[in-house]
*Asks:* 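Questions regarding the structure given below will be posed in turn.
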Number of protein chains: 2
Amino acid sequence: MAHASKQHWVGCPVRYAAGVFGDKWSFILLRDMLLHGKRYYGDFLASEEKISTNILADRLAKMVETGMFTRHIDPEKRSKVFYLPTAKARGLLPAFLAMMVWSTEYDEATEAPESFAKAFRDDPKASIHWYEQQIDRVNAGLPA
Amino acid sequence: MAHASKQHWVGCPVRYAAGVFGDKWSFILLRDMLLHGKRYYGDFLASEEKISTNILADRLAKMVETGMFTRHIDPEKRSKVFYLPTAKARGLLPAFLAMMVWSTEYDEATEAPESFAKAFRDDPKASIHWYEQQIDRVNAGLPA
DNA sequence: CTCCATACTTGCAAAACGCAAGTGAATGGT
DNA sequence: ACCATTCACTTGCGTTTTGCAAGTATGGAG
């Protein structure tokens, strides 16, 4: 059977994921990076959840450590810093979008339109590809 | 376009999810409930991550509050308590499995066999259905 | 050289966590 | 009926993490 020996190993992927982004602020940063096109320190700081600067610095550093983001100095204005998502971070898109569909189902106060969940359910791969392209588009507008 | 007006609303589903299970111990409890067939307080306590009893009690209560688990007294031994996953918790399976596939890709030390990721990638719906059935099977073995 | 913007650091109080011990209800054995 | 045990939490307390406010370091404009 394809799913044999199910019991023990499944724990670890969950624990690994929890270790990399298993806290509220990491969720928010990943959202801002993957879905909101935020790249600069100042962009992340300006999110409506009002993250404080020490936590932001800490989480950004952790994201870099865990290979989710890379850190870059803006060559056009060297006092500014931006971050880019790695393939590892982008690889979370399917899970993230699935999670968001779940939220739209169970959060009575969701602000997401039904069209989002419908699009993902109808054709997850197309939906994921669309978000990938958005990420590429944002990145293309940044300094080399 | 199906994905129009993308910017603002996507934030909220992520924040909602973070609020419900956005911490390490909630990840672990959901794993144990959805994938390891654990139902009793003592089962969760015995996980290899060594959760302490106050945190376990706190998280279980929160899961009940947020409608993820329901709490039941074992009629056959009324000093024992078990929890059952609601449809809301079960609805997280697709996101959880997608997340686990991601972990198997990026965690060098993953213990998950490649067959797991392959099965999910080949046919996600079938894979999800298989885990749903496992959940039903476990639940069927519990007192009414 | 001064001023401003930007990206962090630092200090400190408050909250969350984690360990160990304690409590109370339900069983089980005699 | 009595007592020890199991089970599911609670409580206390020291440690760690968080969050707010203020400070610092570097870069760039004038």
Side-chain angles (χ1 to χ4, degrees), chain A residues 15 18-33 36-66 68-85 141-144, chain B residues 14-15 18-33 36-66 68-85 142-144:
Chain A
R15 195 173 44 205
V20 174
F21 63 92
D23 74 277
K24 299 186 203 308
W25 289 120
S26 298
F27 271 59
I28 298 297
L29 290 195
L30 284 167
R31 176 200 67 186
D32 287 349
M33 177 68 91
H36 284 187
K38 296 187 181 184
R39 295 293 181 272
Y40 285 85
Y41 176 92
D43 295 339
F44 294 110
L45 188 61
S47 72
E48 63 176 316
E49 284 85 7
K50 305 291 180 194
I51 187 170
S52 41
T53 59
N54 55 343
I55 304 294
L56 175 56
D58 178 81
R59 291 302 189 282
L60 285 171
K62 197 185 164 195
M63 286 293 176
V64 171
E65 270 174 34
T66 54
M68 301 290 281
F69 297 172
T70 52
R71 183 182 185 275
H72 308 268
I73 293 170
D74 187 333
E76 293 168 6
K77 185 163 185 179
R78 292 165 33 73
S79 61
K80 295 187 80 179
V81 172
F82 64 92
Y83 295 84
L84 292 179
L142 291 169
Chain B
V14 174
R15 195 173 43 203
V20 173
F21 63 91
D23 74 276
K24 299 186 202 310
W25 289 120
S26 298
F27 271 58
I28 299 295
L29 291 195
L30 283 167
R31 175 199 68 186
D32 288 348
M33 177 67 90
H36 284 188
K38 297 187 179 183
R39 296 293 182 271
Y40 283 86
Y41 176 93
D43 295 338
F44 294 108
L45 188 61
S47 72
E48 63 177 315
E49 284 85 8
K50 305 293 181 192
I51 188 170
S52 41
T53 58
N54 53 345
I55 304 294
L56 175 57
D58 178 80
R59 291 301 189 283
L60 285 171
K62 195 185 164 196
M63 286 294 177
V64 172
E65 271 174 35
T66 54
M68 301 290 281
F69 296 174
T70 51
R71 183 182 185 275
H72 308 267
I73 294 170
D74 187 334
E76 292 168 6
K77 184 164 184 181
R78 294 165 31 75
S79 62
K80 294 187 81 180
V81 170
F82 64 93
Y83 295 83
L84 292 178
L142 292 168

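Any value given below was found using the heavy atoms of this structure, including those in side chains, with hydrogens, waters and symmetry copies removed. Letters A, B, ... are given to chains in the order of the sequence lines, protein chains preceding strands, and every chain is numbered from 1.
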*Asks:* If you look at every heavy atom in B:Glu76 and B:Pro143, which pair is closest and at what distance?
*Replies:* OE2-CB, 4.0 Å
*Asks:* With a 4.0 Å cutoff (strictly under), does any side-chain N or O of B:Trp25 reach OP1 or OP2 of C:dG18?
*Replies:*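 Yes, B:Trp25 has a side-chain N/O under 4.0 Å of OP1/OP2 on C:dG18.
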*Asks:* Give A:Tyr83 one of three labels, base, sugar-phosphate or nothing, depending on what nucleic acid heavy atoms sit under 4.0 Å from its own.
*Replies:*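 Touches sugar-phosphate only.
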*Asks:* List the atom of A:Lys38, the atom of A:Ala46, and the distance in Å for their closest heavy-atom pair.
*Replies:* NZ-C, 4.3 Å
*Asks:* Is the ring pair B:Tyr83/B:Phe44 parallel, tilted or perpendicular, if the boundaries are 30 and 60 degrees?
*Replies:*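 Aromatic pair B:Tyr83/B:Phe44 classed perpendicular.
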*Asks:* To the nearest Å, give me how far apart NZ (A:Lys77) and P (C:dC4) are.
*Replies:*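 Rounding to the nearest Å, NZ of A:Lys77 and P of C:dC4 are 14 Å apart.
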*Asks:* Is the phosphate of C:dC8, meaning OP1 or OP2, less than 4.0 Å from a side-chain N or O of A:Arg71?
*Replies:*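 So the side-chain polar atoms of A:Arg71 do come within 4.0 Å of the phosphate oxygens OP1 or OP2 of C:dC8, strictly under.
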*Asks:* May I have the distance from B:Tyr40 (atom OH) to D:dC9 (atom P), rounded to whole angstrom?
*Replies:*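 These atoms are roughly 13 Å apart.
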*Asks:* Taking all non-hydrogen atoms of both residues into account, name the closest pair between A:Met63 and A:Val20 and its distance.
*Replies:* CE-O, 4.4 Å
*Asks:* Report the residue (A:Asp74 or A:Ile51) whose heavy-atom-nearest nucleotide on DNA chain D is the more 5′ of the two.
*Replies:* A:Ile51
*Asks:* How long is the line joining CD1 of A:Ile73 and C1' of D:dA25, in whole Å?
*Replies:* 13 Å
*Asks:* Take atom OH of A:Tyr41 and atom P of D:dT26, then tell me their distance rounded to the nearest Å.
*Replies:* 16 Å
*Asks:* Would you say the side-chain atoms of B:Arg39 pair up with the backbone N or O of B:Met33, donor to acceptor, closer than 3.5 Å?
*Replies:*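 At least one qualifying donor-acceptor pair exists.
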*Asks:* Tell me, do A:Asp23 and A:Arg59 make a side-chain contact under 4.5 Å, heavy atoms counted?
*Replies:*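 Yes, at least one pair of side-chain atoms sits under 4.5 Å.
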*Asks:* Atom CD of A:Glu76 and atom P of D:dG27: how far apart are they, to the nearest Å?
*Replies:*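 After rounding, the gap between these two atoms is 17 Å.
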*Asks:* Closest nucleotide of DNA chain D for B:Lys80 versus for A:Asn54: which of these residues is on the 5' side?
*Replies:*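 Result of the comparison: B:Lys80.
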*Asks:* Looking at A:Ala18 and B:Phe27, what are the two nearest heavy atoms and their distance?
*Replies:* CB-CD2, 3.7 Å
*Asks:* What parts of residues 55-66 of chain A reach DNA chain C, counting only heavy atoms under 4.0 Å away?
*Replies:* A:Ala57
*Asks:* Starting at atom CZ of A:Arg78, determine the distance to atom C1' of C:dA5, rounded to an integer number of angstrom.
*Replies:* 15 Å
*Asks:* Looking at the base of D:dT10, is there any donor atom on it, or on the side chain of B:Thr53, that sits under 3.5 Å from an acceptor on the other one?
*Replies:* yes
*Asks:* Between D:dC9 atom C1' and B:Asp43 atom CG, what is the distance in whole Å?
*Replies:*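 Whole-Å distance recorded here is 16 Å.
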*Asks:* For B:Lys38 and D:dA8, give me the distance from atom NZ to atom P, rounded to whole Å.
*Replies:* 13 Å
